[in-house]
There are 2 protein chains.
Amino acid sequence: MSRAEPSRRGSRHGRAGIRDVAAAAGVSITTVSDALNGKGRLPDATRRHVREVADRLGYRPSAAARTLRTGKSGLIGLTVTTYGDEPFTFTEFAYFAEMARAATSAALARGYALVILPATSRHDVWSNVALDGTVVIDPSDHDPVVSDLVRQGIPVVSDGRPAGTLPVTAWVDNDHEAAVLGILDHLAAAGARRIGLLTGTSTDTYTRLSTHAYLHWCERVGQDPVYEKYPAHDPCAGAVAADRLLARPDRPDAVYGLFDPNGTDLLAAARRYGLRVPDDLLLVCCSESTVYATTEPPITTLSLKPRRIGTAVVQLLIDAIEGLDSGRPVEQVIPTELIVRTSSQRRPPRTTVSAPRGPSG
Amino acid sequence: MSRAEPSRRGSRHGRAGIRDVAAAAGVSITTVSDALNGKGRLPDATRRHVREVADRLGYRPSAAARTLRTGKSGLIGLTVTTYGDEPFTFTEFAYFAEMARAATSAALARGYALVILPATSRHDVWSNVALDGTVVIDPSDHDPVVSDLVRQGIPVVSDGRPAGTLPVTAWVDNDHEAAVLGILDHLAAAGARRIGLLTGTSTDTYTRLSTHAYLHWCERVGQDPVYEKYPAHDPCAGAVAADRLLARPDRPDAVYGLFDPNGTDLLAAARRYGLRVPDDLLLVCCSESTVYATTEPPITTLSLKPRRIGTAVVQLLIDAIEGLDSGRPVEQVIPTELIVRTSSQRRPPRTTVSAPRGPSG
DNA sequence: TCCTCTTGCAGAAACGTCTCTGTCAACAGT
DNA sequence: ACTGTTGACAGAGACGTTTCTGCAAGAGGA
């Protein structure tokens with residue numbers, strides 16, 4: 001009586017288990033597992049037979065059971081520091097979207113999936129998912145989540161140089177200081193006399209290092225710093241800050257904006273003040289958005305290469321998970337790219353790509 | 001001898017298990033489980049004691065074991081149909097980013113996390129993660145992944161009306177046809193005589209329904225359709241298509257662009273042809289991007305309300321997962337919002353319709 | 001013929017949790 | 001005093017895999 005139960009139980013629950021496959025194929029559980037996972041010493045005939053039966057029954061191995069047994073879930077956490085009550089900033093900055101996309105691709109290519117998790121340590125969510133490792137974007141100084149994960153022996157790789165003594169496994173970042181210095185030099189070479197900066201009020205590494213580099217550059221060339229800060233997470237505050245910057249008595253003749261929307265904000269502000277770009281005002285902003293290629297005029301942007309960063313972060317993380325001594329450095333600096341467009345070139349050859357061919361052209 | 005082993009084993013593996021907590025607290029496993037999960041009949045003293053011991057040992061319940069036992073993983077899949085070889089379109093359209101963000105928030109608020117998965121049925125990844133349900137954005141006609149999931153009894157909710165006989169649990173979508181008709185009426189009311197459309201070559205529901213609505217409207221008002229198609233996934237193709245549209249002999253005096261970047265593309269194209277917006281050309285595009293608020297001129301956009309959609313999709317899905325008969329309809333239509341800006345409003349003083357300045361004018 | 005080695009497969013023990021089913025004491029009701 | 005009830009906990013399966021160990025049978029060598 002009780003002997004008939006096991007085979008029943010499997011099918012009663014809806015999905016077929018490995019036991020059902022074994023019974024249907026007339027082999028043992030071991031053989032099924034080996035056949036499907038390509039392990040063990042089995043003749044091809046048996047392997048084919050088992051696979052066929054498994055297909056016929058629509059067998060799907062239980063991920064939970066496998067994870068429990070092997071200790072590997074194939075899941076990687078992805079978390080972004082939060083500014084407001086929303087868990088993410090995907091929308092505000094194309095950077096995050098690009099980075100996340102690249103990270104997802106890279107993870108999938110190696111058989112892992114990404115789980116989006118809140119930066120806040122919502123215990124119930126974090127502890128309910130078995131993670132093999134975690135990617136942290138812009139971790140704050142003493143992120144409790146990161147420390148917790150590391151204490152559990154889970155690898156953590158951060159996008160952004162960890163501040164303080166944050167014990168990450170590895171990190172990837174740009175050389176933000178070099179990037180800012182490069183832009184300032186670029187603007188100065190284009191004829192800028194007084195370069196302004198649009199920066200943020202938050203204390204993350206990116207903002208801090210970039211602002212510091214700006215101040216350092218000013219000191220070096222003997223220019224008085226001209227900058228405005230605003231809370232970068234507020235989409236409206238950027239326009240106001242841009243306006244403030246151009247309204248100053250010591251109005252700059254060139255501006256670098258640290259955040260993605262600064263380009264359009266500055267352009268709009270310049271228009272309000274009757275400033276022509278690039279003739280009266282040179283403009284550069286840090287952005288991954290393609291809209292700046294078609295604005296009037298096109299705006300020079302600094303790309304942080306989020307795709308390369310996302311890929312690198314995931315590679316490092318998976319190497320750590322799988323215990324591979326990949327030989328890759330655990331601290332990688334990805335070069336930035338300055339995409340020079342009209343807005344930062346004084347009296348450029350005015351022709352852009354194609355001359356107008358319309359009736360009025 | 002063998003009695004001492006179990007307690008050792010737990011700590012040897014690094015992380016403390018429920019057994020270790022039970023031993024350290026001097027109670028049984030059952031009591032620990034009940035104490036931590038708030039079940040059973042335990043005096044508060046015992047409960048507190050157990051919790052304290054668990055904290056001291058840094059006990060974290062194994063998500064895999066819990067999932068295996070309870071059958072619930074707290075994980076929701078999120079998948080987007082892919083156009084190219086990249087798994088997503090996050091970047092190209094702010095819509096996806098917004099929607100995903102809202103969905104993530106809503107899921108986290110109810111204790112679930114989102115797993116990003118490829119639309120292609122990469123078997124190794126899909127079957128390696130235990131999903132309680134899945135959100136599918138823009139499923140194609142006979143998506144094999146969806147059918148597979150449904151066959152396994154996993155709820156699937158789609159963003160976008162499922163085409164064909166796709167067996168989803170529920171869906172949420174806009175009324176795209178009504179939205180397009182509304183925009184065309186809006187443009188006509190602003191004085192448009194010949195309205196053009198910038199549409200896509202792909203066969204997804206959004207593109208299909210929108211195009212159909214346009215053609216239908218044209219037929220109704222007796223206008224010859226003027227539209228250009230292009231592969232929406234290609235960021236460069238949009239600019240070319242916009243150019244084509246304005247280069248036509250029967251050049252429209254108003255254009256609606258179905259995709260996010262169309263606004264800037266059309267604006268740039270108009271500039272090349274010396275057309276003033278909105279005087280010579282009225283412009284509307286479907287976008288969630290805020291850049292259109294500060295372009296010159298600001299462009300009227302149609303918002304599909306991705307945040308509301310993302311939230312609704314997740315609520316429906318979790319209701320289905322938890323077996324709640326929420327009373328919510330399983331087919332929800334979210335209204336769109338037309339954000340009217342300068343680009344679609346003819347200047348008030350101009351009472352007469354401006355004569356078309358083209359060859360056929 | 002006997003021993004050894006390999007092949008092909010089966011048994012059974014984990015992995016760590018939840019939960020159903022007890023058990024034992026104390027205590028109240030008749 | 002005997003039984004029924006309730007509170008407080010313990011025992012012992014599952015859940016569905018993977019994998020270590022082991023057994024039988026045949027192949028090959030001496």
Side-chain angles (χ1 to χ4, degrees), chain A residues 2-3 5-23 25-50 54 57 59-74 127-130 152, chain B residues 2-3 5-23 25-50 54 57 59-74 127-130 152:
Chain A
S2 64
R3 283 190 209 155
E5 280 189 299
S7 60
R8 249 213 228 134
R9 217 181 284 131
S11 54
R12 187 191 51 175
H13 199 61
R15 292 173 49 177
I18 196 172
R19 265 191 293 264
D20 303 295
V21 177
V27 296
S28 78
I29 295 179
T30 309
T31 305
V32 175
S33 179
D34 284 349
L36 296 180
N37 296 334
K39 300 192 171 179
R41 302 167 304 194
L42 298 178
D44 281 353
T46 307
R47 229 177 264 279
R48 265 201 311 275
H49 176 228
V50 169
L57 296 185
Y59 168 69
R60 296 272 176 281
S62 150
R66 174 175 296 174
T67 300
L68 178 58
R69 178 64 231 239
T70 62
K72 296 283 162 215
S73 66
S127 67
N128 252 330
V129 38
Q152 287 177 54
Chain B
S2 62
R3 280 185 213 159
E5 280 190 299
S7 59
R8 249 213 227 132
R9 217 179 283 130
S11 55
R12 188 191 50 175
H13 200 60
R15 291 174 50 177
I18 198 174
R19 266 190 292 264
D20 303 297
V21 178
V27 296
S28 78
I29 294 180
T30 309
T31 305
V32 175
S33 179
D34 283 349
L36 296 180
N37 296 335
K39 301 194 171 177
R41 303 168 303 194
L42 298 178
D44 282 354
T46 306
R47 228 177 266 276
R48 266 200 311 275
H49 176 228
V50 169
L57 295 185
Y59 168 68
R60 296 272 177 281
S62 149
R66 175 174 295 173
T67 300
L68 178 59
R69 179 63 232 244
T70 63
K72 295 285 161 217
S73 65
S127 67
N128 252 330
V129 38
Q152 287 177 54

If I compare all heavy atoms of [X] with all of [Y], which pair ends up nearest, and what's the gap?
| X | Y | value |
| --- | --- | --- |
| A:Arg60 | B:Gln152 | NE-NE2, 3.7 Å |
| A:Asp34 | A:Leu42 | CB-CD1, 3.9 Å |
| A:Ala54 | A:Leu36 | CB-CD2, 4.2 Å |
| B:Ser127 | A:Ala63 | O-CB, 3.8 Å |

Just to be sure I understand the rule, does A:Arg47 reach a base, reach only the sugar-phosphate, or reach nothing, if contact means heavy atoms closer than 4.0 Å?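 Counting heavy atoms under 4.0 Å across all strands, no contact is made by A:Arg47.
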How close or far is atom [atom2] of [N] from atom [atom1] of [X], stated in whole angstroms?
| X | N | atom1 | atom2 | value |
| --- | --- | --- | --- | --- |
| B:Leu42 | D:dA10 | CG | P | 9 Å |
| B:Arg19 | D:dG11 | CZ | C1' | 13 Å |
| A:Leu68 | D:dC15 | CG | P | 14 Å |
| A:Arg69 | D:dA14 | CZ | P | 19 Å |
| B:Asp34 | C:dC20 | CG | C1' | 11 Å |
| A:Arg48 | C:dG8 | CZ | P | 13 Å |
| A:Leu36 | C:dC9 | CG | P | 14 Å |
| A:Ile18 | C:dA12 | CD1 | P | 16 Å |

Do the side-chain N or O atoms of [X] get closer than 4.0 angstrom to the phosphate oxygens (OP1, OP2) of [N]?
| X | N | answer |
| --- | --- | --- |
| A:Lys39 | D:dT19 | yes |
| A:Thr67 | D:dT17 | no |
| B:Ser62 | C:dC15 | no |
| A:Arg41 | C:dC9 | no |

Among residues at least two apart in sequence or on other chains, which ones pass side-chain contact (heavy atoms from CB on, under 4.5 Å) with B:Ile29?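 If we apply the side-chain contact (heavy atoms from CB on, under 4.5 Å) test to B:Ile29, skipping adjacent residues, the hits are B:Ile18, B:Arg19, B:Ala22.
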Going by heavy atoms closer than 4.0 Å, what residues in residues 25-33 of chain B are next to DNA chain C?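 Per residue number, the list reads B:Thr30, B:Ser33.
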Of all the choices, C:dC9, C:dT17, D:dT18, which nucleotide is nearest to the side chain of B:Pro61 once you look at every atom?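 Taking heavy atoms from C-beta onward, the closest nucleotide is C:dT17.
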Look up atom NE2 in B:His49 and atom CG in B:Asp44, then write down how far apart they are to the nearest 0.5 Å.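 Between atom NE2 of B:His49 and atom CG of B:Asp44 there are 14.5 Å.
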A:Ser33 and A:Thr30: side-chain donor and acceptor closer than 3.5 Å?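 No, no side-chain donor-acceptor contact under 3.5 Å.
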